[in-house]
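Scroll down for the structure; my scribbles are underneath it.
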Amino acid sequence: MNNEVGFPYLDELNDIQRRAVTTLDGPVMVIAGPGSGKTRVLTYRIAHLIKTGVPPWEILALTFTNKAAREMKERIEKVVGPGAHRVWAGTFHSLFAKILRREAHRIGYPNDFTIYDTDDSKSVVNDIIKQMNLDKKVYNNAAVRSRISAAKSNLITPKAYANNEELMAYDRMNRRPLIYQIYEKYVAKCQRAGAMDFDDLLLQMFRLLYQNPDGVREKLQNQFKYVLVDEFQDTNHLQYETIKMFVNYQGSNENICIVGDDAQSIYSFRGATIENILMFENDYPEVQTFKLEQNYRSTQFIVQAANEVILNNKKQIQKKIWTDKIEGDKIKLIKALTETEEGKRIADNIIESKNRYNLRNNDIAILYRTNSQSRVFEEHLRRYNIPYRIYGGLSFYQRKEIKDAIAYMRLTVNDKDDEALKRIINYPRRGIGKTTIDNLTQLADDNEMSMWEILTKVEFSARAKKKMGDFVKLIQSFKQKAATSDAYETASYIVRRSGIAELLRSDPTPEGQARVENVNALLDGIKEFVEDDELDEGEEMMDKTMSAFLQTISLMTDADNDTEEQDVVTLMSVHAAKGLEYRSVYVTGLEENLFPSYMSLSSPEQIDEERRLFYVAITRAENYLTLSYAQSRYQYGQMRYNDPSRFLEEIGEGNFDSIISISKKPEFPQPKILGNFKKLGAAKAPAISPPSGDFQPSSPEKIKAGMKVLHQKFGTGEVKSVDERMVASIHFDQLQDNKEKRIMLKYAKIQILEN
DNA sequence: GGGGGCTATGGGGGG
DNA sequence: CATAGCCCCC
């Protein structure tokens, strides 16, 4: 049909996809269901732009992860050749950081600005709360930080915050009326430190465009003639306004293409809003919309289940995904008594299905709602010698020894970075104690200077002076080294001379040795960074400074260091799985209070988001989908009993493997407290205990064949027989393998329910 | 100033 | 259960 000469790739697309790819000018919106070839459309669209004569560097493609951007570039390259690498593709954060590294000096930041991670931000907030003498139990630093973050994401300045009655009323209600002051101080403090937090990378980019010093806005608008945004449903207000800055101007062709799926919006907790999709249609009335609904990924039962689940969300863009793939296998459900059993049975299932379906480890993913759930799976996979890799959780750069080493590098690059300074001023120990540091902090606050400035300018008592003088000299020697050497030489100099290397080596424990190796791995990483000589075609120069290195790593996520060569089972959170696909997927921990999370139970909007998250989870599967839940699990150090997730019931029974059914009735008398737990917003939930109060073990000799009994661990069951040694064979209702358990009555905690 | 042990507290997803 | 922060003692 489509034989356009020179564009053979267009033949690989269906009609709608092709139109989405070839409609190059003016605003375009692509609503793309899971597995509908979204990435293919984005990739080919960019390739098509280049093929029709648009220089790659005039294309700005904002993706959700660096990995996605990298993969996209590789695929574009296959179509158009080497020029592809000059496309500006990356995450909002990384591309904006790249631009800000050139332009930040125009808006009051050093070009070598530090990027504060969440811990740094929290610590800044902490300091301010302390400084203002506020009760840190009321002014919880995480809560305050997230208010500040939300304000920034909505383009609300500290001043505007103070004048916003809604925000102020909310804060008063939560007994935190002074957040606006903390916000103001926070902004000032970060700026003084020459530091941007993650939100600032977006916000300062916006400011740069808005304030337009030296015509930098026109320069950028002129450069990026085509703007594409992936996962648009996960952008926040600030991101959208920034995009508009690039696109909206006198004489603009408004060449913007957004791709997204409202049903997969799962990041509202960091300010993302589906409103952006509606706004888009308002802001660009000329928009041409394409809906991709054919799913090429999953077999029918999976697609069917996904549709059934998402139907429970009322606010949706009308859309129904379909597939012409085979019916495929039904969905399996694993019901476990405990989290440990869940881990074991999934590991068992992996072994079995690998044989039966001829799967490689790479075909398999285990997904969970919270990262802490990974532990049990890890244990069982290790026991079976199944190689795996965990994404998320504590990444390499979050490890203490790495952060310590990096703090030295940060301070060397940007001496105003107070968070880095505080981290290492007395690490390794050099006799600068709490009192001195408090003093220093106070002086810095009072004089609105950085701690480093105080260190270098203010006179201290003789003893303190000596110690601090030594520290200053040390850092100055690092600065000097950095000025004359590359990042690797500087870094290894720092690790040696700071005393970190020696300190770590002195710990002979395996953990200690692991820390040494980690720091060495960090140095190797820097070396690799420095020695990378692959200049992209047309690229001017490569930035090999330590500052550049620090910038790249602070925006790196776990998914970016992939080891795709290896054949391993993937373990990750559902959030992290967005955009990925596997032949066999396990979605685990499907319990009320966990998935959906207990944090979301109080609001219907948040439940809807959990549901979209579940929708994302199940649509990762190509051929085999297994769902699982445990009736009890340790949460926060206590055994908890949770109902099966409501989402399980939203999937029609017909989609499930008939052998296994969902048990609708709870096996244990459900603790009444659950109801309150939800309403109280989980502030102080008492431990949910096992049958406890109602459960009274009956004396062993009374238990006879034919009785209905309640076992503390296995739930209700029927006693089939009791032998002379007081061993009972009991059939428990909830155990799936129709077998009876042999229970030693002498030790068992069993209550007679009926004779 | 430094270190160790104890208690209280909070506990999600991520760039 | 993990961690932050506190208190106490050297």
Side-chain angles (χ1 to χ4, degrees), chain A residues 62-69 90-97 115-119 121-123 126 130 136-137 140-143 146 149 152-153 196-203 231 234-236 238-239 265-272 367-373 375 391-395 397-398 400 426-439 463-464 467 551-560 572-578 589 593-601 606 609-610 612-614 616-617 633-640 681-685 687:
Chain A
L62 297 156
T63 60
F64 202 71
T65 62
N66 289 311
K67 188 179 172 211
T91 63
F92 280 88
H93 292 89
S94 67
L95 291 182
F96 289 0
I115 297 174
Y116 274 175
D117 65 16
T118 310
D119 288 340
S121 300
K122 275 193 203 156
S123 156
N126 250 349
K130 223 180 278 173
K136 65 177 186 303
K137 277 169 203 155
N140 169 296
N141 71 354
S146 92
S149 171
K152 288 184 174 181
S153 304
M196 298 195 197
D197 64 18
F198 288 131
D199 300 310
D200 278 327
L201 294 174
L202 312 175
L203 183 59
E231 309 282 11
D234 288 323
T235 54
N236 61 34
L238 168 56
Q239 286 168 313
S265 161
I266 55 174
Y267 278 96
S268 75
F269 71 89
R270 65 180 208 217
L367 308 183
Y368 33 76
R369 179 65 181 81
T370 64
N371 283 313
S372 61
Q373 285 165 256
R375 212 199 71 245
Y391 287 86
L394 246 207
S395 85
Y397 294 104
Q398 316 243 36
K400 184 188 174 301
N426 197 34
Y427 177 87
R429 297 262 135 70
R430 47 177 73 89
I432 303 177
K434 195 175 176 306
T435 323
T436 314
I437 295 172
D438 282 349
N439 230 326
R463 225 189 76 181
K467 284 172 176 166
Q551 197 129 105
T552 35
I553 59 166
S554 48
L555 294 173
M556 202 119 84
T557 58
D558 228 21
D560 291 328
M572 58 167 69
S573 71
V574 181
H575 280 94
K578 188 169 75 157
N593 294 321
L594 183 60
F595 198 175
S597 156
Y598 70 98
M599 308 279 288
S600 68
L601 295 179
Q606 290 193 55
E609 175 143 325
E610 295 284 314
R612 291 192 293 270
L613 192 57
F614 183 58
V616 168
R633 74 171 63 235
Y634 278 98
Q635 280 174 295
Y636 319 131
Q638 270 150 345
M639 180 73 98
R640 303 251 175 160
K684 263 263 184 294

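Every chain is numbered from 1 and lettered A, B, ... according to where its sequence line falls, protein lines coming before strand lines.
- We find that CE of A:M556 is positioned 12 Å from P of B:dG15, with the value rounded to whole Å.
- Within the 3.5 Å criterion, the main-chain N or O of A:G90 finds no donor-acceptor partner in the side chain of A:N66.
- Remark: P of B:dG15 and CD1 of A:I115 are 13 Å apart, rounded to the nearest angstrom.
- Contact annotation: A:N371 side-chain N/O to B:dG14 OP1/OP2 distance is under 4.0 Å.
- A donor-acceptor pair under 3.5 Å links the side-chain atoms of A:H575 to the main chain of A:I266, judged by distance alone.
- The nearest whole Å value for the distance from the CZ atom in A:F198 to the P atom in B:dG13 is 16 Å.
- Within the nucleic acid shown, A:L613 has no heavy atom closer than 4.0 Å to any nucleic acid atom.
- Within 4.0 Å of A:K136, counting heavy atoms only, lie sugar-phosphate atoms of the nucleic acid but no base atom.
- Cation-pi geometry between A:K400 and A:Y427 is met: under 6.0 angstrom from the ring centre, within 45 degrees of the axis.
- If you check B:dG2, B:dG12, B:dG13 against the side chain of A:E609, the one that comes closest is B:dG13.
- No N or O donor and acceptor, one from the side chain of A:R270 and one from the base of B:dG13, sit under 3.5 Å apart.
- Atom OH in A:Y391 sits about 18 Å away from atom P in B:dG13, given to the nearest Å.
- Of the possible donor and acceptor atoms, one in the side chain of A:Y368 sits under 3.5 Å from a partner among the backbone N and O of A:M572.
- Nearer to the 5' terminus of DNA chain B, by closest-nucleotide assignment, is the contact made by A:N426 (compared with the other of A:H93 and A:N426).
- Nearest heavy-atom pair across A:L555 and A:A97 is CD1-CB, 3.7 Å.
- Among the atoms of the strands shown, only primed sugar atoms or phosphate atoms (P, OP1, OP2) are found under 4.0 Å from some heavy atom of A:S573.
- Separating the CD atom of A:E231 from the P atom of B:dG13 is a distance of 19 Å, rounded to the nearest angstrom.
- Checking B:dG12, B:dG2, B:dG15 against the side-chain heavy atoms of A:D199 singles out B:dG15 as nearest.
- The closest donor-acceptor contact from the side chain of A:D200 to the backbone of A:D197 lies under 3.5 Å.
- At a threshold of 4.0 angstrom between heavy atoms, the contacts of A:Y267 are confined to the sugar-phosphate backbone, with no base atom among them.
- At the phosphate of B:dG15, neither OP1 nor OP2 sits under 4.0 Å from any side-chain N or O atom of A:T65.
- Counting to the nearest Å, the C1' atom of B:dG14 and the NZ atom of A:K67 are 15 Å from each other.
- For the pair A:N236 (side chain) and A:Q239 (backbone), a donor-acceptor distance under 3.5 Å is present.
- Pairing analysis of DNA chain B (Watson-Crick: purine N1 to pyrimidine N3 plus N6-O4 or O6-N4; G-U wobble: N1-O2 and O6-N3; both under 3.5 Å) yields stems of 3 or more pairs at B:1-10 with C:1-10.
- Mapping heavy-atom proximity under 4.0 Å, the span of DNA chain C touched by chain A runs 5' to 3' from C:dC1 to C:dC6.
- Here the nucleotide nearest the side chain of A:T436, chosen from B:dG1, B:dG15, B:dG12, is B:dG1.
- For A:S554 and B:dG15, the shortest distance from a side-chain N or O to OP1 or OP2 is not below 4.0 Å.
- Nucleotide B:dG12 holds its P atom 21 Å from the CZ atom of A:F614, rounded to whole Å.
- Both A:A576 and A:K434 lie close to DNA chain B; mapped to their nearest nucleotides by heavy-atom distance, the more 5′-ward contact belongs to A:K434.
- The side chain of A:K137 contributes an N or O atom lying less than 4.0 Å from OP1 or OP2 of B:dT9.
- Side chain of A:N426 to backbone of A:I432: a donor-acceptor contact under 3.5 angstrom is found.
- Under the side chain to side chain contact (heavy atoms under 4.5 Å, CB included) test applied with A:E609, the options A:S597, A:S268, A:P596 reduce to a single match, A:S268.
- As a whole-Å value, the separation of A:R612 CZ from B:dG13 C1' is 13 Å.
- Aromatic ring pairs are classed by plane angle as parallel below 30°, tilted from 30° to 60° and perpendicular above 60°; the pair A:F64 and A:Y267 is tilted.
- Residue A:S94 has no polar side-chain atom (N or O) positioned under 4.0 Å from OP1 or OP2 of B:dG15.
- In this structure, of B:dG12, B:dG2, B:dG14, it is B:dG12 that holds the atom nearest to the side chain of A:E610.
- Scanning for ring-ring contact (aromatic ring centres under 6.0 Å, His included) contacts around A:Y116 gives an empty result, with sequence neighbours left out.
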